[in-house]
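Since the structure comes first, as structure tokens, the remarks are kept for the end.
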Amino acid sequence: MTITLNIGPHQFKRPVIMGILNVTPDSFSDGGSYVSHEQALARVEQMLKEGADIIDVGGESTRPGAADVSLTEELQRTVGVIKAIKQRFDCLVSIDTNKAQVMQQAVEAGADIINDVCALTNPGALEVAADSGVPVCIMHMQGKPRSMQANPQYDNVVSEVITYLKQRVESCVAAGIVESNIIVDPGFGFGKTLDHNFQLLAQLNEFKQLGLPILAGVSRKSMFGKLLGKSPDSLMAASVAGAVLAAQQGAHIFRVHDVQETADALNVYSKVQMSK
Ligand code: 7PJ
């Protein structure tokens, strides 16, 4: 099944790369480096040159155990940067947030996509997303960021995550979000053990039954860190391998730190697919 991704006037029939722009002082991998607008814009320019299709702006770290960020702080970190990106570059921007007010102001500032690790479950989020009319990415998480890695449990992680996403798609549609504007994401690392994460990657193709674009976010995640005994900044090769494996299983959008390397690998993958 080939899925054409429609995001505004943009149509994608190939792997889509979402480059991560953390504007959090406490981000695990590039903590504090892109806090100023100029630094953020330089990083955006680089990622666009390297082949990013979407820039994912996040002002709240959702890594395990991360502290909550106040609404005011998250708005300050994200809204101005989004305006600056949309002013300077002709590119798509997603806002990585679970707060309705941030979604609203980010879209007003020009964000093209809402990316919510809480799958629009927070108060007001469904309504804001529906009213905004922009595509949404809904992700599965078991528990809450602060405690989600304490003791994740599933009978069957793949079917349980799929069932959850089906229910969230129904809620989105009931709230007025057009189904073709929904992207689904199994949520690698969000309330999952090493084995759960690898089972999800191995069986990502099962998510095709949802009939929606699939986003995979495996970049520099602890599933590789734990497997290889390495820190996040030494996980580029593992992350690129993960992206290719996810592509093979039918993923459409790849949320990554290492844009150039992922783009090269996915171009090789696509050429092999076209040579069959
Ligand atoms: C994801 C995300 C992910 C989506 C983060 C990190 C943690 N959004 N935001 N999917 N991860 N859609 O990058 O390690 O996997 S933040």
Side-chain angles (χ1 to χ4, degrees), residues 5 7 16-24 26-31 34 47 53-69 74 77-78 92-99 102-103 106 111-122 125 129 134-146 148-149 161 164-165 168-169 172 182-192 194 196-197 200-201 204 207 210 212-226 230-233 235-236 238-239 242-243 246 251-259 262:
L5 264 181
I7 303 171
V16 172
I17 295 185
M18 176 184 264
I20 300 169
L21 183 74
N22 282 318
V23 285
T24 59
D26 60 340
S27 295
F28 70 88
S29 53
D30 51 7
Y34 304 115
M47 290 198 286
D53 303 290
I54 303 168
I55 302 297
D56 190 43
V57 177
E60 181 192 32
S61 175
T62 41
R63 79 193 150 105
D68 288 339
V69 175
E74 197 180 332
R77 289 180 187 175
T78 54
L92 291 170
V93 168
S94 56
I95 174 68
D96 185 348
T97 188
N98 55 60
K99 295 187 182 74
V102 178
M103 293 172 190
D112 306 274
I113 302 167
I114 293 170
N115 174 28
D116 184 0
V117 299
C118 294
L120 304 175
T121 55
N122 280 340
V134 302
V136 298
C137 177
I138 54 172
M139 197 198 80
H140 172 273
M141 171 173 8
Q142 186 181 85
K144 293 271 164 250
R146 194 184 285 278
M148 66 191 175
Q149 290 307 104
V161 172
Y164 173 83
L165 289 173
R168 291 309 300 157
V169 170
C172 287
I182 303 174
I183 297 159
V184 291
D185 181 343
F188 291 98
F190 285 84
K192 283 125 191 153
L194 175 82
H196 294 142
N197 286 313
L200 283 169
L201 184 54
L204 197 62
F207 286 74
L210 293 163
L212 295 169
I214 299 166
L215 187 151
V218 298
S219 186
R220 299 194 202 170
K221 291 246 163 115
S222 69
M223 58 190 285
F224 302 131
K226 286 184 187 140
K230 292 186 170 175
S231 61
D233 55 6
L235 295 177
M236 187 178 72
S239 302
H252 304 87
I253 309 175
F254 304 83
R255 182 181 177 278
V256 303
H257 299 85
D258 304 291
V259 173
T262 310

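First listed ligand is number 1; within each ligand, the first listed atom is number 1.
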Could you go through R146 and D68, starting from their C-alpha distance and side-chain angles, then the distance that decides it, and tell me whether this counts as side chain to side chain contact (heavy atoms under 4.5 Å, CB included)?
CA-CA 8 Å; R146 194 184 285 278; D68 288 339; 3.9 Å; yes
Looking only at N/O atoms, are R255 and ligand 1 under 3.5 Å apart anywhere?
yes
Using a 4.0 Å cut-off to any heavy atom of D185, which atoms of ligand 1 qualify?
3 (C), 4 (C), 10 (N), 12 (N), 15 (O)
Here the atoms of ligand 1 under 4.0 Å from any heavy atom belonging to V117 are 2 (C), 8 (N), 9 (N)
Under 3.5 Å between any N/O of D56 and any N/O of ligand 1: does that happen in this structure?
no
Any ion pair linking R255 and D185 (charged N to carboxylate O, less than 4.0 Å)?
no
Between K221 and ligand 1, which part of the residue brings a heavy atom under 4.0 Å of the ligand: side chain, backbone, both or neither?
side chain
Flag, side chain of K192 to backbone of F190, donor-acceptor distance under 3.5 Å:
yes
Residue set satisfying side-chain contact (heavy atoms from CB on, under 4.5 Å) with V218, at least two apart, ordered chain then number -> F188, M223, F224
What I'd like to find out is whether the side chain of H196 reaches to under 4.5 Å of the side chain of Q142, using heavy atoms alone.
no
Please list, in number order, the atoms of ligand 1 under 4.0 Å from a heavy atom of N115.
4 (C), 8 (N), 12 (N)
Whether over 12 other heavy atoms sit under 6.0 Å from K144 NZ:
no
For M139, the atoms of ligand 1 under 4.0 Å from one of its heavy atoms are 3 (C), 4 (C), 10 (N), 15 (O)
May I ask you to test the L204-P186 pair for a side-chain heavy-atom distance under 4.5 Å?
yes
So for ligand 1, is D96 a polar contact partner (N or O within less than 3.5 Å, distance only)?
yes
In ligand 1, which numbered atoms sit nearer than 4.0 Å to a non-hydrogen atom of C137?
12 (N)
